[in-house]
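This one's a predicted model, so the numbers in the text were calculated from it and none came from an experiment. The figures that follow rest on heavy atoms only: side chains count, while hydrogens, waters and symmetry mates do not. Below, chain A is the first sequence line, B the second, and so on; all start at residue 1.
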Number of protein chains: 2
Amino acid sequence: MIKMARLTEYGFMLIMALKKSSHPVSAEYLAQTVGLEVPTVSKILKQLRKAGLLDSKRGAYGGYFLMKRKRDISLHEVIEAMEGPLALTECADLNGDCRLIDHCYMSAGMRRVNQVISQALQNVTVSEIMDTDRKITLQLKS
Amino acid sequence: MIKMARLTEYGFMLIMALKKSSHPVSAEYLAQTVGLEVPTVSKILKQLRKAGLLDSKRGAYGGYFLMKRKRDISLHEVIEAMEGPLALTECADLNGDCRLIDHCYMSAGMRRVNQVISQALQNVTVSEIMDTDRKITLQLKS
DNA sequence: CGCATATAGGACTAAATTGGTACCATATAA
DNA sequence: TTATATGGTACCAATTTAGTCCTATATGCG
Ligand code: FES
Ligand code: FES
C-alpha cells in the first residue's frame with residue numbers, strides 16, 4: 001500500500017506538538033497531549049533526537065524541544081529519521097538484496113523514480129501539512 | 001522505509017517479461033524466465049489479471065498476455081493493482097483507522113501529498129523504467 | 001469423448017516486520 | 001541526596017506479507 005510506518009505518523013504528530021527554543025517538554029506530557037503511551041512516545045522521541053531533529057535535556061524539568069522551526073523541517077527528513085532512506089524497490093536501495101537482482105532491468109529506473117519522490121517529500125514542510133488553508137506548491141524536476 | 005511490497009516488484013518484472021497481443025505465455029514459463037517459483041508467479045498473475053492489466057487464456061497452449069503496451073502502463077497502475085490505493089498515512093486513506101484521528105491535524109495535508117506522489121507515479125510508464133537511456137521527465141502540479 | 005494442459009479461486013502455513021513494553025544506567029535541578 | 005526525566009537496549013506480541021497447496025473449470029487435440 002506504500003505507506004509510512006505507524007510510528008512515523010506518530011513522529012509527525014509529536015513534532016507538531018513541540019516547539020523550537022521554548023521550555024523542554026517531557027515525554028509524559030507529550031504522550032497525554034497526543035494520546036499515546038509513554039514508552040511508545042519515548043521510543044519515537046529518542047529516535048528523532050538521534051537523527052538531529054530534536055534535542056533533549058535530561059533530569060528534572062527536562063524534556064524535548066525542536067532544533068528547527070517546523071517550516072524548516074521537510075517531510076523527507078522526518079521519514080528518513082524514522083525509517084531510514086527511502087527505497088521504493090529493493091534494488092533502488094544501495095543495501096537491498098533482492099534475489100532477482102540478476103533478472104532485474106529496472107534498478108536504474110527505480111532509482112530515478114525514487115529520486116523524484118524524495119524530491120517531492122523534501123519540498124513539503126511540516127508546517128505546510130499542518131496548515132489546511134495553504135496550498136502546497138511543488139516544483140519537481142526530473 | 002516507504003517501499004513497495006516484494007510481490008509488487010515481482011509483478012513489475014513479470015509485466016516486463018510479457019508482451020501485448022502475442023501468444024499467451026504460461027505461468028510456468030514465466031517463472032523460469034524470471035527466476036521465481038510457479039505458485040508465486042501464478043498468484044501475482046492472477047492478481048494483475050483481476051486488475052485488468054493482463055488477460056489470460058485457459059487450457060492447453062493458454063497463458064497470460066498484456067492488455068496494453070508497456071509504454072501505456074503507468075507505475076501507479078501496477079502498484080495499485082498489487083497493493084490497493086496509495087496511502088502514505090492511515091488518515092490519508094479513506095478506509096484508514098488510526099486511533100489518533102482525533103488528535104490529527106495533518107489528514108488533509110497528507111492527502112495532498114499523497115495526491116502529488118500518485119501523480120508522479122502515474123506519469124512514469126513501465127517502458128520508461130526499463131529503458132535506462134531515456135530520461136524521465138515529470139511535470140507535477142499541486 | 002477423454003486426456004493433457006493451464007488458469008481461477010480461495011484457504012492455509014510460515015516468515016518477516018512492526019508495534020509496543022520494560023529495564024537499568026545516566027544526567028540534572030533543587 | 002532525592003525526585004525527575006532521558007539514553008540505550010533488549011524483549012515480546014501482534015500484524016502483515018510471502019509463499020504454498022488444493023480443487024474446480026476451461027481449452028485444444030487426438
Ligand atoms: S526488483 Fe528485485 S532487484 Fe530489482
Ligand atoms: S496520523 Fe493517524 S490519523 Fe492522521
(message) How many whole angstroms separate atom CG of A/L30 from atom C1' of D/dT6?
(response) 13 Å
(request) Could I get the full list of side-chain hydrogen bond (donor to acceptor under 3.5 Å, both in side chains) partners for A/E90, not counting sequence neighbours? (result) B/R6
(request) Could you check how far CD of B/E90 sits from C1' of D/dT16, rounded to whole Å? (result) 13 Å
(request) Check whether any side-chain N or O of A/S118 sits under 3.5 Å from a backbone N or O of A/N114 as a donor-acceptor pair, and report yes or no. (result) yes
(message) Reading DNA chain C from 5' onward, which residue's closest nucleotide shows up sooner: B/K3 or B/Y64?
(response) B/Y64
(message) Please determine whether a side-chain nitrogen or oxygen atom of B/S56 lies at a distance below 4.0 Å from atom OP1 or OP2 of C/dA8.
(response) yes
(request) Could you tell me which residues satisfy side-chain hydrogen bond (donor to acceptor under 3.5 Å, both in side chains) with A/R49, sequence neighbours excluded, listed by chain and number? (result) A/S56
(message) I'd like to know if the side chain of B/D55 reaches the main chain of B/Y64, judged simply by a donor and an acceptor atom lying under 3.5 Å from each other, with no hydrogens or angles considered.
(response) no
(message) Between A/K68 and A/E77, does any side-chain N to carboxylate O distance fall below 4.0 Å?
(response) yes
(message) Could you work out, with side-chain hydrogen bond (donor to acceptor under 3.5 Å, both in side chains) as the rule, every residue matching B/T89, not counting sequence neighbours?
(response) none
(request) Could I get the full list of salt bridge (charged side-chain N to carboxylate O under 4.0 Å, His left out) partners for A/E37, not counting sequence neighbours? (result) B/R99
(request) Could you tell me the separation between the CD1 atom of A/I44 and the C1' atom of C/dT21, rounded to a whole number of Å? (result) 13 Å
(request) Would you check if the side chain of A/D93 reaches a backbone N or O of A/A87 as a donor-acceptor pair within less than 3.5 Å? (result) no
(request) Send over the distance from B/L54 CG to C/dA6 C1', rounded to a whole Å. (result) 15 Å
(request) Output the single nucleotide from D/dT6, C/dT7, D/dG19 whose closest atom is nearest the side chain of A/A27. (result) D/dT6
(request) Take atom CG of A/L45 and atom C1' of D/dG8, then tell me their distance rounded to the nearest Å. (result) 14 Å
(request) Calculate the interatomic distance between B/H23 atom NE2 and C/dT5 atom C1'; express it in whole Å. (result) 17 Å
(message) As a test of understanding, state which of B/T8, B/L121, B/L86, B/I117 forms a side chain to side chain contact (heavy atoms under 4.5 Å, CB included) with A/I2.
(response) B/L86
(request) Can you sort out which residues in residues 4-13 of chain A have a heavy atom within less than 4.0 Å of DNA chain C? Ascending by number, please. (result) A/A5, A/R6, A/L7, A/Y10
(request) Under the side-chain hydrogen bond (donor to acceptor under 3.5 Å, both in side chains) rule, collect the residues that match up with B/S107, sequence neighbours excluded. (result) none
(request) Mind checking salt bridge (charged side-chain N to carboxylate O under 4.0 Å, His left out) for A/R71 and listing every partner two or more places apart, or none if nothing turns up? (result) none
(request) Mind calculating the distance between OH (B/Y29) and P (C/dT7) to the nearest angstrom? (result) 14 Å
Close N or O pairs between protein and nucleotides 12-15 of chain D (under 3.5 Å):
none

(message) So does A/V38 get a backbone contact from the side chain of A/E28, meaning a donor-acceptor N/O pair under 3.5 Å?
(response) no
(request) Kindly write out the residues that satisfy salt bridge (charged side-chain N to carboxylate O under 4.0 Å, His left out) with B/E80, not counting sequence neighbours, or none if the list is empty. (result) none
(message) Rounded to whole Å, please give me the gap between CD1 in A/I2 and P in D/dT16.
(response) 16 Å
(message) What residues from residues 33-40 of chain A pass a heavy-atom cutoff of under 4.0 Å to DNA chain C?
(response) A/E37, A/P39, A/T40
(request) Using the test salt bridge (charged side-chain N to carboxylate O under 4.0 Å, His left out), find all partners of B/R69 that sit at least two apart in sequence or belong to another chain. (result) B/D72
Sub-3.5 Å pairs of nitrogen or oxygen atoms, protein against nucleotides 9-12 of chain C:
| unit_1 | atom_1 | unit_2 | atom_2 | d |
| --- | --- | --- | --- | --- |
| C/dG9 | N7 | B/K46 | NZ | 2.8 |
| C/dG9 | O6 | B/K46 | NZ | 3.1 |

